[in-house]
**Student:** 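This is the structure I want to talk about, given as structure tokens.
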Amino acid sequence: MTKTALMLARLAGALTLVIGAAHAFGLGAVLQLHMICGTVFVLALWVLAFAGFRAAPKLAVLAFNWGVIVVAFGIFQLRLLPGEYHWTMQLLHVLIGLSGMAQAERLAGAVKRREAAA
């Protein structure tokens with residue numbers, strides 16, 4: 001289950017980045033697809049958080065909460081700092097998403113190490 005969730009997180013995370021960049025640069029009306037891929041990424045992150053709770057409980061709790069932050073920031077980012085400096089919110093959104101992707105990798109690594117030790 002962990003391998004599948006990690007692969008799904010990787011795929012959905014990469015697609016979310018590419019589609020989000022396309023949206024940011026005005027290359028198409030792809031916001032809904034970006035949101036769907038982002039939701040799939042967060043769901044995969046949560047699966048990894050639950051699977052990795054025994055291997056790395058603090059990281060698992062962080063990852064679960066970080067998924068909530070990713071979703072909340074994605075929903076509300078358009079209302080945050082509108083106007084000339086909105087690009088800072090877009091950059092922060094990317095960084096929050098990349099951090100979630102790193103947490104997914106770390107959790108999967110912790111689970112793999114725990115399974116190898118058992």
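Given the structure is predicted, the values throughout are model-derived calculations rather than measurements. For the numbers below, each heavy atom of this structure counts, side chains included, while hydrogens, waters and symmetry mates do not.
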**Student:** When hydrophobic residues are tied together by side-chain contacts of less than 4.5 Å, even through go-betweens, does Val18 share a cluster with Phe25?
**Tutor:**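 Val18 does not cluster with Phe25.
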
**Student:** Once rounded to the nearest 0.5 Å, what's the spacing between atom NE2 of His23 and atom CD of Gln32?
**Tutor:** 10.0 Å

**Student:** Partners of Ala9 by side chain to side chain contact (heavy atoms under 4.5 Å, CB included), sequence neighbours excluded?
**Tutor:**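 Counting only residues at least two positions away or on another chain, Ala9 forms a side chain to side chain contact (heavy atoms under 4.5 Å, CB included) with Phe41, Ala44, Leu48, Ala104.
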
**Student:** Return the NZ to CG distance between Lys3 and Leu8, rounded to the nearest 0.5 Å.
**Tutor:**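 Those atoms lie 16.0 Å apart.
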
**Student:** For residues Leu33 and Val71: do they belong to one hydrophobic cluster (side chain heavy atoms under 4.5 Å, members Ile, Leu, Val, Met, Phe, Trp, Tyr)?
**Tutor:** no

**Student:** By ring pair (Phe, Tyr, Trp, His ring centres under 6.0 Å), which residues pair with Phe53, not counting sequence neighbours?
**Tutor:**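 Phe53 satisfies ring pair (Phe, Tyr, Trp, His ring centres under 6.0 Å) with no other residue.
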
**Student:** Is the side chain of Arg113 donor-acceptor paired with the backbone N or O of Gly109 at a distance under 3.5 Å, no angle test?
**Tutor:** yes

**Student:** List for me each residue that meets side chain to side chain donor-acceptor pair (under 3.5 Å) alongside Ser99, sequence neighbours excluded, and say none if there are none.
**Tutor:**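 Ser99: side chain to side chain donor-acceptor pair (under 3.5 Å) contacts with Gln103.
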
**Student:** Can you name the nearest heavy-atom pair linking Ala56 to Ala110, along with the distance?
**Tutor:** CB-CB, 3.9 Å

**Student:** Are Ile19 and Val94 joined in one hydrophobic group, where the rule is that I, L, V, M, F, W and Y side chains link up if heavy atoms are under 4.5 Å apart?
**Tutor:** no

**Student:** To the nearest 0.5 Å, tell me how far Leu15 CG sits from Ile36 CD1.
**Tutor:**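 It is 11.5 Å, given to the nearest 0.5 Å.
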
**Student:** Can you sort out the partners of Gln77 under side chain to side chain contact (heavy atoms under 4.5 Å, CB included), two or more places apart, ordered by chain and number?
**Tutor:**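 With sequence neighbours excluded, Gln77 shows a side chain to side chain contact (heavy atoms under 4.5 Å, CB included) to Phe73, His86, Gln90, His93, given in chain and number order.
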
**Student:** Group every Ile, Leu, Val, Met, Phe, Trp and Tyr by side-chain heavy-atom contacts under 4.5 Å, then state whether Leu91 and Phe76 land in the same group.
**Tutor:**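 The answer is yes; both residues are in one hydrophobic cluster.
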
**Student:** Once side chain to side chain donor-acceptor pair (under 3.5 Å) is applied, do any residues pair with Arg106, and if so which ones, sequence neighbours excluded?
**Tutor:**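 Partners of Arg106 under the side chain to side chain donor-acceptor pair (under 3.5 Å) test: none.
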
**Student:** Rounded to the nearest 0.5 Å, how far does CG of Asn65 lie from CG of Leu45?
**Tutor:** 10.5 Å

**Student:** Give the minimum heavy-atom separation between Ala51 and Thr2, together with the two atoms involved.
**Tutor:** CB-OG1, 3.8 Å

**Student:** Which atom names give the shortest non-hydrogen contact between Ala63 and Leu107, and what distance separates them?
**Tutor:**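 The pair with the smallest heavy-atom distance is CB-CD1, 3.4 Å.
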
**Student:** Can you tell me how far apart CE (Met101) and CD1 (Ile96) are? Round to the nearest 0.5 Å.
**Tutor:** 14.5 Å

**Student:** Which residues, ordered by chain and number, are linked to Leu78 in its hydrophobic cluster, where ILVMFWY side chains connect at heavy-atom gaps below 4.5 Å, directly or through other members?
**Tutor:**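 Its cluster mates, by chain and number: none.
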
**Student:** Answer yes or no: are there more than 12 heavy-atom neighbours, outside Met89 itself, under 6.0 Å from its atom CE?
**Tutor:** yes

**Student:** Which atoms form the tightest heavy-atom contact between Ala108 and Leu6, and what is the distance?
**Tutor:**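 Looks like CB-CD2, 3.5 Å.
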
**Student:** Side-chain contact test, heavy atoms from C-beta onward, threshold under 4.5 Å: evaluate it for Leu43 versus Val47 and give yes or no.
**Tutor:**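 A side-chain contact is absent here, since even the closest heavy-atom pair is not under 4.5 Å.
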
**Student:** State plainly whether one hydrophobic cluster holds both Val61 and Val42, where clusters connect Ile, Leu, Val, Met, Phe, Trp and Tyr through side-chain heavy atoms under 4.5 angstrom apart.
**Tutor:**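 Not linked; separate clusters.
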
**Student:** Are the side chains of Leu59 and Trp66 in touch, meaning some heavy atoms are under 4.5 Å apart?
**Tutor:**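 In short, these two side chains do not touch, never coming nearer than 4.5 Å.
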
**Student:** Rounded at 0.5 Å granularity, tell me how far CG in Leu81 sits from CH2 in Trp87.
**Tutor:**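 One gets 10.0 Å once the value is rounded to the nearest 0.5 Å.
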
